[in-house]
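Worksheet: the structure to be examined is printed underneath.
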Amino acid sequence: MRMVLATRAKLWTSIASRLPCGSQIASESMQGVELAAAPPRIACESSVEGENKVCQNECDAGLAELRLQAGEEENAGGNSSFAHVVINMVAMLTGLGQLSIPYALENGGWSSAFLLIGLGMVCAYTSHLLAKCLDKRPRSRSYTDIGQEAYGSKGRIIAATFMYLEIFFALVSLTISLHDNLSLVFPGTPISARWAHMSSSQLMTVIAVLIALPSLWLRDLSSISFLSSAGIIVSIIIFASVALTAIFGWVRSDHEIPAPRIRNIPMISGLYVFSLSGHIIFPDLYKSMKDPSKFTKVTIVSYTLVAALYMALAFMGARMFGPDVSSQITLSLPRDHVVAKVAQWAIVLTPMTKYVLEFAPLAIPLDRRLAGSMSSCARTAVRGTVGSVVLVVILVLALSVPYFEYVLSLTGSLVSIFISVVLPCGFYTKICWPSLSKPLFVLNVLLIGFGCVLAVFGTISSSKSLIKSIQGHTSS
């Protein structure tokens, strides 16, 4: 029996380690294994007195062995090198948000670049705080675990709520991007359905999502975990497309970047924060390191590289396209060039390959909770149905609110700012309170206040812009 449980645990670990969003997935999966592996004390209590002592001793021995194995695994630590973790962190940070960086700089003015750098420094600092929390509470393995260590079950619920909200809104933004780029990949495609009252691009988006829908019914996610590398490839393609357009002069870089536009800063801050937020995954990166003490250096190097990439992308895009720069830089590239087509195809294919991976943090805990009451086939049906319903809701929202920049900004201001700034400061202050110095306490309180102010003004600004766009679209 112990061999079966050990094999099962190793299998879950192998699968979870190859999934994106690894911290949450790995922790949730391993929690399921631990629950399944717990010795059956009910059976012990039902024994007669003499047998009960023997059974109790066996249970205690089993528990001791499991704890010893867990301790050995914890002491063994990870096996990722410094360079490997830097690559992973950069890959996680350079995702959907980089599409809107040139638009953000153009609308915020050249001085908003300092806001980008400042927010990068803050996010690097809060990443360091998460590592300190993990130092103080070595048993914590995920972002939600840190929340529970700080504020109990309420902390876990708050952390999980923001995490799931960020995944949901990111998928909405991903679907909006799919819709916007499909019309360029297939220009003038005559698709219509009288009963649906949809445009050709909307129908193509529905078809693309339906093609991706069956992937949500898969149980063995390890077989498609290689798709997580798609994000890295897409980021490289986007940057290379913009850089080649600037280098070969396919678009003249003669636009002046405007002076600071203070009124746009609240909305722009949401775009920047979303682009710099990856804190949900950072605990897993920390645990995967051979030498976790170097995690702070990892964050400094990673955020420096990401900031440099974003700055280059922002200034190239703003200089080339000026006020006409799109909220997605791929939509501004010259349509008659191959690089533009490649970038747009990359954006189109990315959502279709990532839906199942992004749903994994929701699907695995659901599957675990149903394990005791349903068969494998029934669990697959329930999980697939729930995922399909959520994806349909995401599709409806994406087609109803096709305003990429405002949805992304709202996500950054409403969700990402709490995940990357407010909550890490709060967790660290609570967990490390006995040894917290006064300057650090003041700094964390100021950052919490700064994050809340940014969240309020950013949410109001992006919400107003979104509502105005919807009203303008409805009236027209």
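With sequence neighbours excluded, the residues satisfying side-chain contact (heavy atoms from CB on, under 4.5 Å) with Glu106 are Pro258, Arg261, Ala318, Pro323, Val325. Residues meeting the side-chain hydrogen bond (donor to acceptor under 3.5 Å, both in side chains) test with Thr459, sequence neighbours left out: none.
The main-chain N or O of Arg156 is never found under 3.5 Å from a side-chain atom of Thr144 such that the two would form a donor-acceptor pair. Counting only distance, with no hydrogens or angles, the side chain of Ser288 and the backbone of Leu285 share a donor-acceptor pair below 3.5 Å. Although no hydrogens or angles enter the test, the distance criterion places a donor-acceptor pair under 3.5 Å between the side chain of Tyr143 and the main chain of Ile419.
The shortest side-chain heavy-atom distance between Ser332 and Asp324 does not fall under the 4.5 Å cut-off. Taking 4.5 Å as the limit, every side-chain heavy atom of Phe427 sits out of range of all side-chain heavy atoms of Leu129.
Distance OG/Ser465 to CD1/Ile460: 11.5 Å, rounded to 0.5 Å. Annotation: the span from Ser127 atom OG to Met89 atom CE amounts to 5.5 Å, rounded to 0.5 Å. Separation of atoms NE2 (His84) and CG (Asn79) is listed at 8.5 Å; rounding is to 0.5 Å. In this structure, the separation between OG on Ser142 and CD on Gln148 is 9.0 Å, given to the nearest 0.5 Å. Here the straight-line distance linking atom CG of Leu116 with atom CD1 of Ile268 works out to 11.0 Å at 0.5 Å rounding.
Closest approach of Leu333 and Ala340 over heavy atoms only: CB-CB, 3.7 Å. For the residue pair Val234 and Ala346, the shortest heavy atom distance occurs at CG2-O, 3.9 Å.
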Side-chain donor/acceptor pairs under 3.5 Å, residues 299-317, sequence neighbours excluded:
from, atom 1, to, atom 2, distance (Å)
Thr299, OG1, Thr296, O, 2.6
Ser302, OG, Val298, O, 2.8
Tyr303, OH, Leu276, O, 2.8
Thr304, OG1, Ile300, O, 2.6
Tyr310, OH, Leu93, O, 2.8
Tyr310, OH, Ser275, O, 3.1

Below 3.5 Å, can you tabulate the donor-acceptor pairs from side chains in residues 239-250 to any protein atom, sequence neighbours excluded?
from, atom 1, to, atom 2, distance (Å)
Ser241, OG, Ile237, O, 2.7
Ser241, OG, Val339, O, 3.4
Thr245, OG1, Ser241, O, 2.7

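Under the ring-ring contact (aromatic ring centres under 6.0 Å, His included) criterion, the residue pairs touching residues 388-418 are Phe162-Phe418, with sequence neighbours excluded. Among residues at least two apart or in separate chains, there is no ring-ring contact (aromatic ring centres under 6.0 Å, His included) pair with a member in residues 94-124.
The neighbour count for Phe82 CZ, taken as heavy atoms of other residues, nucleotides or ligands under 6.0 Å away, is above 12.
Classification of Lys341 and Asp336 as a salt-bridged pair fails, no side-chain N sitting under 4.0 Å from a carboxylate O.
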